[in-house]
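Beneath this line is the structure, given in structure tokens, with notes to follow.
Convention: sequence-line order gives letters A, B, ...; per-chain numbering from 1.
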2 protein chains.
Amino acid sequence: MDELLDRATAQTYASWFRALADPTRVQIVEYLARHARPMSVGEIVAAVGLAQSTVSQHLKILTEVRFVLVEPVGTARHYRINDACVGCFPSAADVVMGRPAPNPNGAC
Amino acid sequence: MDELLDRATAQTYASWFRALADPTRVQIVEYLARHARPMSVGEIVAAVGLAQSTVSQHLKILTEVRFVLVEPVGTARHYRINDACVGCFPSAADVVMGRPAPNPNGAC
DNA sequence: CACTTCCATCGTCGATCGGCGATAAACGAT
DNA sequence: ATCGTTTATCGCCGATCGACGATGGAAGTG
């Protein structure tokens, strides 16, 4: 009767979409993508004009779903888009079709 | 220098993703899609097992981005998936490519 | 060693979210 | 007109979010 999509799958989908549910994170992702090179936190801070701690928190959320990747370079950390995750990011059609949600902890 | 995606576009993208950023809304959308027919609020309430006011609020959020459509039928209101919006729902690739966000107030 | 730079984390604050019950509004039926 | 049904809206509450400043840790430089 109920036949609902199981909660765990729904939650995984929701966490994917939540990663891009904030305009600042959308701007960060687009910014990283357009300048197609790893960028430091300082560069991103200068671009978005928010506090460093705020940007760092946004980057953490984006990396938790493997949407951006990070690589330590000396004392800096270079962030870049994970092209694989861009491709596997779920669409509304995936939800509608009831397809299994991509695993955010996996390799996409 | 800044070259950020303009805030309005970013906010439009964010509101699209926010509509599916809650597991209950994901379940509602999948439920509406699988039973491919207009469904009343009461049916959806029975399926998700939450209070009627809560479900009504979720349906409001989903209709605001035209993701589901509503049609009054007597005293009831029938909700159904907007197939056009399923197709035009933005993907991560759209964000990365800087494509203009689909207008949630338009006809998709 | 000290000192600087770059960044993550912590604590706080106001705002928003997701849930609820209660109420109101719209409509059909009696 | 009244009643019952169906749904939207309101007010409230606890939890989470997004922003900030301050602190602290890791790495390079003197």
Where along nucleotides 2-8 of chain C does protein come under 4.0 Å, by heavy atom, of base (B) or sugar-phosphate alone (S), with - for untouched nucleotides? ---BBBB

B:Gln57 CD to B:Leu59 CG distance, which is reported to the nearest 0.5 Å: 9.5 Å

Residues in contact with DNA chain C, drawn from residues 18-28 of chain B - heavy-atom cutoff 4.0 Å: B:Arg18, B:Asp22, B:Thr24, B:Arg25

With sequence neighbours left out, what residues match A:Ser56 under side-chain hydrogen bond (donor to acceptor under 3.5 Å, both in side chains)? none

Pair listing, ring-ring contact (aromatic ring centres under 6.0 Å, His included) test, anchored in residues 56-78 of chain B, at least two apart: B:Phe67-B:Phe89

Selection residues 46-59 of chain A - residue pairs positive for salt bridge (Lys or Arg N to Asp or Glu O under 4.0 Å), sequence neighbours left out: none

Distance-only donor-acceptor check, side chains A:Arg7 and B:Thr24, under 3.5 Å: yes

With the 4.5 Å side-chain cut-off for hydrophobic clustering, are B:Leu69 and B:Ile61 part of the same group? no

Angle separating the five-pair end axes of the helix from C:dC1-D:dG30 to C:dT30-D:dA1, nearest 10°, is 10°

The side-chain contact (heavy atoms from CB on, under 4.5 Å) partners of A:Ala93 (sequence neighbours excluded) come to A:Ser91, A:Arg99, B:Val86

Stepwise salt bridge (charged side-chain N to carboxylate O under 4.0 Å, His left out) test for A:Arg34 and B:Glu3: CA-CA 9 Å; A:Arg34 185 151 36 78; B:Glu3 299 262 0; 3.7 Å; yes

Nearest 0.5 Å, please: how far is CG in B:Leu4 from CD in A:Glu30? 7.5 Å

Which sits closer to the 5' end of DNA chain D, A:Thr54 or B:Thr54, going by the nucleotide each is nearest to? B:Thr54

Which residues share a side-chain contact (heavy atoms from CB on, under 4.5 Å) with B:Asp83, sequence neighbours left out: B:Ile81

Protein-nucleotide distance (B:Gln11, atom CD; C:dT16, atom C1'), rounded to Å: 13 Å

To the nearest angstrom, the NE2-P distance between B:His58 and C:dC17 comes to 12 Å

Donor-acceptor list for residues 37-54 of chain A side chains, cut-off 3.5 Å, not counting sequence neighbours:
residue, atom, partner, partner atom, Å
A:Arg37, NH1, A:Glu43, OE2, 3.3
A:Arg37, NH2, A:Glu43, OE2, 2.9
A:Ser40, OG, A:Glu43, N, 3.3
A:Glu43, OE1, A:Ser40, N, 3.1

Could you list the residues that satisfy side-chain contact (heavy atoms from CB on, under 4.5 Å) with A:Arg18, not counting sequence neighbours? B:Ala21

Where does the chain B footprint on DNA chain D start and end, counting 5' to 3' with a 4.0 Å heavy-atom cut-off? D:dT5 to D:dT9

Across all chains, not counting sequence neighbours, the side-chain contact (heavy atoms from CB on, under 4.5 Å) partners of B:Pro90 are B:Tyr13, B:Trp16, B:Phe17, B:Asp94, B:Pro102

